[in-house]
Chemist: 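Questions regarding the structure given below will be posed in turn.
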Amino acid sequence: MTDRTPVRTGLLTVDGATLHHEVRGEGPLLVMMPGGSADAGIYDAIAADLADRWTVAVFDPRGYSRSPLDCPVTDQSPATHADDIARLIDLLSPDGAPAALFGSSSSAVVALAALARHPGRLSRVVAHEPPVVALLPDPDAGRALFAAVREAFRRDGVAAAMATMAAGLAPQEGEAAAPGPEDAASGPEQAAPGQERAAPGQERAAAAEEASAPEPNPAPERAATREQASSPQQTPSPEQAATFRRMHANLPVFLEHVLCPFSGYVPDFVALQAAAAQLVVGVGRDSRALLPAVAAEGLARRVGAGVAEFPGGHIGLTEDPRAFAARLREVLLAT
């Protein structure tokens, strides 16, 4: 498929908000949730690639971009966002057929809440690197880091907050990488054969870039596909430029009202254990020593879910959308 795949747009009224959503393709429903400050536009290339096999639905989360709240924004709840997903599935799958669900970074936290609250509406859930601090070896340190990021935002703005996050998440000299997927959990989705982990030095060199996650505002060159990157013309299209502006405008809401509540969310482990056969935990090949991947693999061990390694790092879906889509296709079709 190409990024010219026809897009059907709509609005859905949910409790306290109106959600802008976009739908491509035909087939079983796949809902893709943007993380961090991103909106539906982050998935343009991936959704187009997967629309040959699925009805792919993407949306702007409540309070972001084209999904206004009915009241002034307050701290957001993964449970509320999960209920939004259930409403979207009810709209797009009126016959009751369950949907596949993908989330990355902060939206992977929503994916966990959705599986715990609405397991009957979901066939498979892929949660790529949910930054749940409760699953870290030192949860208090994780909470303190994200609180410091929010305080830096309040005091000095977005740039200071992102710098604080990058510094806090970067692996230190001598720090061991997280265990590989084969050590995290048993299950059908394991690391792709032949894929090698980045060397520790490479991880440290890329840490500042990766650690600006969960899901920072991607620069145009980061969001470009390989085909675009190899082209002499690298200027973003007007549509891409509009997407970047929207996502940048969402950063204050993310930093003030999403980052701490979502990273501080404690999953319903009993419910997730009961639904472990539906859950795949994603980790980035190049981000294994960073906080979100450590938390993700801790989750897999805790609930007995399968683990799948994805190309790139924490924001691999923007680093190489085509390769990321190909791996997601494999994970969704695995039995």
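Here the structure is a predicted model, which is why all the values come from computation and not from measurement. As a basis for the values below, the full set of heavy atoms in this structure was taken, side chains included, without hydrogen atoms, waters or symmetry mates.
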Chemist: If the threshold is 4.0 Å, N to carboxylate O, is there a salt bridge linking Arg8 and Glu22?
Modeler: no

Chemist: Check whether any side-chain heavy atom of Leu291 lies under 4.5 Å from a side-chain heavy atom of Leu136, and answer yes or no.
Modeler: yes

Chemist: Can you list the steps and then say if Thr9 with Arg66 is a side chain to side chain contact (heavy atoms under 4.5 Å, CB included)?
Modeler: CA-CA 11 Å; Thr9 63; Arg66 298 155 294 186; over 6 Å; no

Chemist: With a 4.5 Å cut-off on side-chain heavy atoms, are His118 and Ile85 touching?
Modeler: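 Contact flag for Ile85/His118 side chains = no.
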
Chemist: When you compare the side chain of Val58 with that of Pro34, does any pair of heavy atoms fall below 4.5 Å?
Modeler: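 Not touching, per the 4.5 Å side-chain cut-off.
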
Chemist: Working to the nearest 0.5 angstrom, can you tell me the gap between Glu151 CD and Cys260 SG?
Modeler: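 With rounding to 0.5 Å, CD (Glu151) is 10.0 Å from SG (Cys260).
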
Chemist: For the residue pair Phe324 and Phe102, does the interplanar ring angle fall in the parallel (under 30°), tilted (30 to 60°) or perpendicular (over 60°) class?
Modeler: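 Rings of Phe324 and Phe102: perpendicular, as their planes differ by over 60°.
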
Chemist: Charged N to carboxylate O below 4.0 Å: is that the case for Asp320 and Arg327?
Modeler: no

Chemist: Do His314 and Glu129 have a side chain donor and acceptor closer than 3.5 Å?
Modeler: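 Checked: His314/Glu129 side chains pair up, N/O donor to acceptor below 3.5 Å.
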
Chemist: Evaluate whether atom CG of Asp138 has more than 12 neighbouring non-hydrogen atoms of other residues, nucleotides or ligands under 6.0 angstrom away.
Modeler: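 Yes, because the 6.0 Å sphere around CG of Asp138 holds more than 12 heavy atoms from other groups.
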
Chemist: Report yes if some heavy atom in the side chain of Leu29 is under 4.5 Å from a heavy atom in the side chain of Trp54; otherwise report no.
Modeler: no

Chemist: Mind listing the closest non-hydrogen atom pair of Thr80 and Arg62 along with its distance?
Modeler: CG2-CZ, 3.5 Å

Chemist: Does the separation of the ring centres of His20 and Phe59 fall below 6.0 angstrom?
Modeler: no

Chemist: Considering only heavy atoms from C-beta outward, does the side chain of Leu169 approach that of Met165 to under 4.5 Å?
Modeler: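 A side-chain contact exists here, since the closest heavy-atom pair is under 4.5 Å.
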
Chemist: Do the side-chain N and O atoms of Asn250 and Ser65 include a donor-acceptor pair separated by under 3.5 angstrom?
Modeler: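 Side chains of Asn250 and Ser65: pair found under 3.5 Å.
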
Chemist: Distance-only, no hydrogens or angles: does the Thr164 side chain make a donor-acceptor pair with backbone N or O of Ala160 under 3.5 Å?
Modeler: yes

Chemist: Could you tell me whether a side-chain N or O of Gln273 sits under 3.5 Å from a main-chain N or O of Arg302, the two making a donor and an acceptor?
Modeler: yes

Chemist: Can a donor-acceptor pair be found, under 3.5 Å and without considering hydrogens, that links the side chain of Gln240 to the backbone of Ser237?
Modeler: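 Yes; at least one donor-acceptor contact below 3.5 Å.
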
Chemist: Does a donor on one side chain and an acceptor on the other come within less than 3.5 Å for Asp75 and Ser77?
Modeler: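 Note: Asp75 and Ser77 side chains miss the donor-acceptor criterion.
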
Chemist: Quick check against the 3.5 Å criterion: does Arg155 have a side-chain atom that pairs as donor or acceptor with the backbone of Arg150?
Modeler: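 Side chain of Arg155 to backbone of Arg150: no pair is present.
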
Chemist: Donor-acceptor pair, Ser67 side chain versus Asp60 backbone, under 3.5 Å?
Modeler: yes

Chemist: Please step through side chain to side chain contact (heavy atoms under 4.5 Å, CB included) for the pair Val133 and Leu135, ending with a clear verdict.
Modeler: CA-CA 5 Å; Val133 298; Leu135 292 159; over 6 Å; no

Chemist: What is the distance from atom CZ of Phe310 to atom CD of Glu330, rounded to the nearest 0.5 Å?
Modeler: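 Separation between the atoms: 9.0 Å.
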
Chemist: Could you state the interatomic distance from OG1 (Thr243) to NE2 (His248), rounded to the nearest 0.5 Å?
Modeler: 14.5 Å

Chemist: What's the verdict on salt bridge (charged side-chain N to carboxylate O under 4.0 Å, His left out) for Arg329 and Asp52, showing C-alpha distance, side-chain angles and the deciding distance?
Modeler: CA-CA 11 Å; Arg329 180 187 297 270; Asp52 64 333; 2.9 Å; yes

Chemist: Determine whether Val283 and Arg288 satisfy the following criterion, side chain to side chain contact (heavy atoms under 4.5 Å, CB included), listing intermediate values before the conclusion.
Modeler: CA-CA 7 Å; Val283 293; Arg288 301 291 287 281; 4.0 Å; yes

Chemist: Side-chain contact test, heavy atoms from C-beta onward, threshold under 4.5 Å: evaluate it for Leu290 versus Val294 and give yes or no.
Modeler: no

Chemist: Is it the case that the side chain of Arg322 and the backbone of Ala45 share a donor-acceptor pair, with hydrogens and angles ignored and the cut-off at 3.5 Å?
Modeler: yes

Chemist: Are the side chains of Ile42 and Leu317 in contact, using a 4.5 Å heavy-atom criterion?
Modeler: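 In contact.
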
Chemist: For Ala275, what residues pass the side chain to side chain contact (heavy atoms under 4.5 Å, CB included) criterion, not counting sequence neighbours?
Modeler: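 Ala275: side chain to side chain contact (heavy atoms under 4.5 Å, CB included) contacts with Leu115, Gln278.
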
Chemist: Could you pull out the closest heavy-atom pair between Ala38 and Pro61, with the gap in Å?
Modeler: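 What the structure gives for the nearest pair is O-CD, 3.9 Å.
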
Chemist: Any idea which heavy atoms bring Val109 and Tyr265 closest together, and the distance?
Modeler: CG1-CD2, 3.5 Å

Chemist: To the nearest 0.5 angstrom, please state how far the CG atom of Leu92 sits from the NE2 atom of His21.
Modeler: 6.0 Å

Chemist: So, taking the atom named CG in Leu30 and the one named CD1 in Ile46, what distance separates them when rounded to the nearest 0.5 Å?
Modeler: 10.0 Å

Chemist: Between the main-chain N or O of Gly36 and the side-chain N or O of Ser106, is there a donor-acceptor pair closer than 3.5 Å?
Modeler: yes

Chemist: Could you state whether Leu50 and Leu333 fall into the same hydrophobic cluster, counting links through intermediate Ile, Leu, Val, Met, Phe, Trp or Tyr residues with side-chain heavy atoms under 4.5 angstrom apart?
Modeler: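 Yes, Leu50 connects to Leu333 through the hydrophobic network.
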
Chemist: How many angstroms lie between atom CG of Asp268 and atom CG of Leu112, to the nearest 0.5 angstrom?
Modeler: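 Taking CG in Asp268 and CG in Leu112, the distance rounds to 10.5 Å.
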
Chemist: Tell me the closest heavy-atom pair linking Leu91 and Pro94, and the distance in Å.
Modeler: O-CD, 3.7 Å

Chemist: Between Leu299 and Leu272, is a side chain to side chain contact (heavy atoms under 4.5 Å, CB included) present by the stated rule, with each step listed?
Modeler: CA-CA 10 Å; Leu299 170 70; Leu272 292 178; 4.2 Å; yes

Chemist: For Arg124 and Leu332, work out which heavy atoms get closest and say how close.
Modeler: NH1-O, 4.1 Å

Chemist: Say whether, by atom type as modelled, one donor and one acceptor occur between the side chain of Tyr64 and the main chain of Ala40 under 3.5 angstrom.
Modeler: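 No; zero donor-acceptor contacts below 3.5 Å.
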
Chemist: Should Val14 and Leu11 be regarded as members of a common hydrophobic cluster, given that ILVMFWY residues are connected when their side-chain heavy atoms come within less than 4.5 Å of each other, either directly or indirectly?
Modeler: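 Val14 does not cluster with Leu11.
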
Chemist: Kindly say whether Ala99 contributes a backbone atom to a donor-acceptor pair with the side chain of Ser123 at under 3.5 angstrom?
Modeler: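 Indeed, once roles are kept as given, a pair shorter than 3.5 Å links the two residues.
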
Chemist: Do Arg87 and Asp90 sit within salt-bridge range, that is, some charged N less than 4.0 Å from a carboxylate O?
Modeler: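 No.
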
Chemist: With a 3.5 Å distance limit and no angle check, can you tell me whether Thr55 reaches the backbone of Gly27 through a side-chain donor-acceptor pair?
Modeler: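 Such a contact is found between Thr55 side chain and Gly27 backbone.
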
Chemist: Do Val23 and Val56 have side chains that approach each other closer than 4.5 Å (heavy atoms only, starting at C-beta)?
Modeler: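 They are not in contact (no side-chain heavy atoms under 4.5 Å apart), so the answer is no.
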
Chemist: Search all heavy atoms of Pro139 against all heavy atoms of Ala134 and return the closest pair with its distance.
Modeler: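 Closest approach of Pro139 to Ala134, heavy atoms only: CG-O, 4.0 Å.
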
